[in-house]
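As the structure is a prediction and not an experimental result, all values here were calculated from the model.
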Amino acid sequence: FSTCEQDYVDALLDVMDPSGQVFPKSRRYYRQHCTKVVCSTAPAGAAEGEEPSHTTWLQTNPAGVTGTEKVLAKDLRVLGRPVNEVVLIDDTVQSGTLQPRNLLLLPAWTGDPSDSTLPELIDELLHIANSTDVFDTL
């Protein structure tokens, strides 16, 4: 699931997985699958610069937000499986705005070739994979 454009994501994943066994095209989700959300500490319909009847953007009030921010959230319900069986691994809290209990937040990759964040997650991911409900393990 990516907030990037489909052409960019497909080009990258096709290089990483030419056979499509790990990332089959039928299981890829892109920017067009994201949900536009206004994160705000203001009451619904009162977000700065937004009209109260605006229907394109959903509004939510997640913890840690001060002011108003428009984000693209990854709504895990589009995957068509029980949300309690899905983990969203991301480097932005905004991506998990709609299902914050599913978010495993990582630091952003800075290009450091010695970064070991993902390999260090293997044990935790195996533990999660063996659970029946990710909410019990995250």
Side-chain angles (χ1 to χ4, degrees):
F1 208 142
S2 177
T3 56
C4 294
E5 297 291 338
Q6 183 172 348
D7 291 345
Y8 171 78
V9 175
D10 282 343
L12 179 65
L13 293 180
D14 290 345
V15 169
M16 293 172 54
D17 180 29
S19 67
Q21 289 184 306
V22 177
F23 302 107
K25 290 192 187 242
S26 62
R27 306 280 307 259
R28 297 178 185 181
Y29 297 87
Y30 314 93
R31 178 179 290 268
Q32 69 263 31
H33 299 107
C34 292
T35 301
K36 296 175 181 179
V37 178
V38 174
C39 297
S40 174
T41 54
E48 186 176 316
E50 290 288 323
E51 296 181 20
S53 62
H54 198 279
T55 58
T56 304
W57 293 82
L58 297 176
Q59 184 157 347
T60 186
N61 301 64
V65 171
T66 57
T68 301
E69 183 179 359
K70 288 183 178 180
V71 301
L72 290 174
K74 298 172 181 174
D75 188 348
L76 302 177
R77 295 174 295 185
V78 304
L79 302 177
R81 65 186 83 180
V83 176
N84 67 321
E85 296 177 3
V86 179
V87 176
L88 174 61
I89 301 171
D90 210 297
D91 65 347
T92 64
V93 69
Q94 294 87 346
S95 290
T97 298
L98 298 174
Q99 290 95 15
R101 291 179 61 199
N102 296 76
L103 180 62
L104 180 56
L105 189 62
L106 301 181
W109 188 63
T110 61
D112 179 0
S114 66
D115 184 310
S116 60
T117 303
L118 291 178
E120 290 171 6
L121 279 178
I122 291 173
D123 287 339
E124 185 172 359
L125 293 174
L126 289 172
H127 177 69
I128 293 169
N130 290 320
S131 71
T132 56
D133 190 328
V134 299
F135 301 145
D136 294 338
T137 57
L138 286 177

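Heavy-atom minimum distance, Leu13 versus Phe23: CD2-CD1, 3.8 Å. The minimum heavy-atom distance linking Asn102 with Val86 is given by the pair ND2-O, 2.6 Å. For Phe1 against Asp75, the heavy-atom pair with the smallest separation is CE1-O, 3.8 Å. Nearest approach of Ser2 to Cys34, heavy atoms of both residues: O-SG, 3.8 Å. For Leu79 against Tyr29, the heavy-atom pair with the smallest separation is CD2-CE1, 3.3 Å. Taking all atoms of both residues into account, the shortest heavy-atom contact from Leu88 to Ser95 is CD2-O, 3.6 Å.
Both Leu104 and Val134 sit in one connected hydrophobic cluster of ILVMFWY residues. Membership requires side-chain heavy atoms under 4.5 Å apart, directly or through other members. Cluster membership for Val87 and Leu126, using ILVMFWY side-chain heavy atoms within less than 4.5 angstrom, is not shared. By the rule that hydrophobic residues join a cluster once side-chain heavy atoms approach within less than 4.5 Å of another member, Val15 and Val22 end up as members of separate clusters. Hydrophobic clustering (ILVMFWY, side-chain heavy atoms < 4.5 Å, transitive): Ile128 and Leu106 are in one cluster.
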Go through the steps to decide whether Ser131 and Asp136 satisfy the test side-chain contact (heavy atoms from CB on, under 4.5 Å), and finish with yes or no. CA-CA 8 Å; Ser131 71; Asp136 294 338; 5.7 Å; no
Audit row: Leu98, Leu76, side-chain contact (heavy atoms from CB on, under 4.5 Å) steps and yes/no: CA-CA 8 Å; Leu98 298 174; Leu76 302 177; over 6 Å; no
Please walk me through it: do Asp90 and Leu103 pass side-chain contact (heavy atoms from CB on, under 4.5 Å)? CA-CA 7 Å; Asp90 210 297; Leu103 180 62; 3.9 Å; yes
Step-by-step side-chain contact (heavy atoms from CB on, under 4.5 Å) determination, Leu72 to Lys36: CA-CA 5 Å; Leu72 290 174; Lys36 296 175 181 179; 3.9 Å; yes
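The line from CG of Asn84 to CG of Leu138 is 11.0 Å long, rounded to the nearest 0.5 Å. A distance of 7.5 Å separates CG of Leu118 from CD1 of Ile89, quoted to the nearest 0.5 Å.
Applying the ring pair (Phe, Tyr, Trp, His ring centres under 6.0 Å) rule to Tyr30 yields the partners His33; only residues at least two apart in sequence or on another chain are considered.
No donor-acceptor distance shorter than 3.5 angstrom exists from the side chain of Asp115 to the backbone of Thr110, with no hydrogens or angles considered.
Within the structure, every pair that satisfies the salt bridge (Lys or Arg N to Asp or Glu O under 4.0 Å) test and touches residues 3-26, not counting sequence neighbours, is listed here: Glu5-Arg31, Asp10-Arg28, Asp14-Lys25, Asp14-Arg28.
No more than 12 heavy atoms of other residues, nucleotides or ligands sit less than 6.0 Å from atom CD of Gln21. In this structure, Tyr8 places its OH atom where only 12 or fewer heavy-atom neighbours from other residues, nucleotides or ligands lie under 6.0 Å away.
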